[in-house]
Number of protein chains: 2
Amino acid sequence: MVSDFSFRDTPALEALARRGARLDYLDPAALAAAQDILRVSKKMLAAFAEAFATHGLSPGRYAVLMALDVQRPSMAPSEIADRLGVTRATVTGLIDGLMRDNLVVHVPEGSDRRRKAISLTPVGEALIDAVVPDIFKRMADLTSPLSADERRTTLRLLGKIEAGLSTAGVKEKEPNA
Amino acid sequence: MVSDFSFRDTPALEALARRGARLDYLDPAALAAAQDILRVSKKMLAAFAEAFATHGLSPGRYAVLMALDVQRPSMAPSEIADRLGVTRATVTGLIDGLMRDNLVVHVPEGSDRRRKAISLTPVGEALIDAVVPDIFKRMADLTSPLSADERRTTLRLLGKIEAGLSTAGVKEKEPNA
DNA sequence: GCCATAAAGTAAGGCGCCTAATTACATGGC
DNA sequence: GCCATGTAATTAGGCGCCTTACTTTATGGC
C-alpha cells in the first residue's frame, strides 16, 4: 500500500519508531491508515482542481456556477456564501472573476437595494453545460473501480471518520444556513 | 449520508436530474459517492491544517520539519523538494519561513558550495517533539472509529481509487526521486 | 580557461481562504 | 421626520499552497 508518507509525504512510521517508547500507545496501523487516507485525499482534490482548470475554472468558480445552475434563476451573494460554506468576502472575489469572464451577471433586485442577485449569463450556462458531463464522468469514474457494495462500505466508513472530525477539536461550519 | 453536495457543497444530483436524458449513462450512486468522498477529504485536510496552526505550523512547514527529523542530520533543499513532491521554489519559501522562526538552519556543505544543507535547530527539534504526539494522536483518532477490518477495507478501496487517478488524465508526480 | 550543467533562490502570479473595515441601504422607535 | 442599529456587499490586506520562468553562483569536464 504505497510506502508510508503522510498526506504530504512525510514518513510518520519512521518518526514513530524513532520515538517508540514514548508513543507506544499509538496504533501503528491506525496511523498508517490515516496517512494513506490523507495522502489520497490530497491527490483527489488536486486531480479535480486540474480538471476544472482545463475548462478555465477552479473549484471555487465551479461551485458558484453549479449553485446558480441549481438555484435558478438567481441567488444573492450571501446565499451563495452560505451554501458553499465560505465568507461573503470570498464569494465577492469569485463573483468578480466570473463577471469579468461574462459567466455571471448582477441583476438588481426590486425592493431591497442592498441585495444584489447574481445569475448565469447564457455564456455561463453554456459553460456549465459543457463542464458538467466531463466533471461528472470523472466523479463517477473515481468510484467505478469499486463495487456497489464496496462503495457503500466506503461511505459508511467515511461517515464515521467525518463524525469523528466533528466531535474532535474540529470546528463545524454550517453549510445551508 | 449527508445530503449531497460536491466537495464544495454543490448539488450534483440535482444537476444530474436537470440533465437526466443527456447524462443517463452516469451511475447516480457512483456520482454521489464520489461527492461524499471529496467533501470529506476536504474536511480532513482542513482539520489537520488547523491542528498544525495551533502549533504555529502549516502542512507544508510540518512536512519539511518531519522530513528533516527522519533524514537527520541534514538535507539539501532539492532533496526536500523531491521528497515532498513540490518544486524547489516552494521549498525555498518554506525554508525561509522556518529559518525566520529559528526552526531550521543553513549549514554550509563542505565540498560543493552550491549545495546548502538544511538542518533542524534545537528549537526545531523541540517543536517537532512537541507536535508529533498531538498530530499522530489525531491521525490515529481519525481511523479509530474503524475496526481493524474496516480500516483494511478502506485502504484497499482507496488504493483502487488512487490507481484510477493515476491511469486517468491525472499526471503523476514522483515523490522520492 | 571556458562553458554546459546543476543547485538555490528571486519574481511574479493564481487560487483558496480569512478578518477587519467600509459603504450603502433599510428600519424601528421616538 | 430622523437617527441608531442592523444587514448586504465590497474593499483592503494577509496567510498558505503552489506554479513557471528567470537569475545567480559554483562546478567540473574538455
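Each chain gets a letter, A, B and so on, in the order its sequence line appears, and its residues count up from 1. All heavy atoms count here, side chains included; hydrogens, waters and symmetry mates do not.
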Q: Compare the minimum distances between each of D:dA9, C:dG16, C:dT19 and the side chain of A:Arg115, then state the nucleotide with the smallest one.
A: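 So the side chain of A:Arg115 is nearest to D:dA9.
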
Q: Would you mind classifying the nucleic acid contact of A:Thr92 as base, sugar-phosphate or nothing, using non-hydrogen atoms under 4.0 angstrom?
A: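 Result for A:Thr92 = base.
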
Q) NA contact type, B:Ala89, heavy-atom cut-off 4.0 Å: base, sugar-phosphate, or nothing? A)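 Result for B:Ala89 = base.
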
**Q.** A:Arg152/A:Asp149 ion pair, N-O < 4.0 Å
**A.**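 Yes.
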
Q) Less than 4.0 Å between a side-chain N and a carboxylate O, is that true for B:Asp134 and B:Arg138? A)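 Salt bridge present between B:Arg138 and B:Asp134.
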
Q: Quick one: closest heavy-atom pair of B:Leu94 and B:Arg61, and the distance?
A: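 In terms of heavy atoms, the two residues are closest at CD2-N, 3.9 Å.
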
Check the distance between [N]'s [atom2] and [X]'s [atom1] and give it to me in whole angstrom.
X: A:Glu50; N: C:dC15; atom1: CD; atom2: C1'; value: 14 Å
X: A:Met99; N: D:dT10; atom1: CE; atom2: P; value: 8 Å
X: A:Ile118; N: D:dA9; atom1: CD1; atom2: C1'; value: 10 Å
X: B:Leu94; N: D:dG16; atom1: CG; atom2: P; value: 9 Å
X: A:Asp96; N: D:dT10; atom1: CG; atom2: C1'; value: 8 Å
X: B:Lys42; N: D:dG16; atom1: NZ; atom2: C1'; value: 14 Å

(Q) Does any part of the side chain of A:Leu146, heavy atoms only, come nearer than 4.5 Å to the side chain of B:Ile161, both counted from C-beta? (A)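 Side-chain contact under 4.5 Å: yes.
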
Q) Can you tell me if the side-chain N/O atoms of B:His106 get under 4.0 Å from OP1 or OP2 in C:dG9? A)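 Answer yes for this pair, as a side-chain N or O of B:His106 is under 4.0 Å from OP1 or OP2.
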
Q: May I ask you to evaluate whether B:Ser78 reaches the phosphate of C:dA8, defined as a side-chain N or O under 4.0 Å from OP1 or OP2?
A: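 The answer is yes; a side-chain N or O of B:Ser78 sits under 4.0 Å from OP1 or OP2.
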
Q | Whichever of B:Gly93 and B:Arg88 has its nearest DNA chain C nucleotide further upstream toward 5' | A |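 That would be B:Arg88.
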
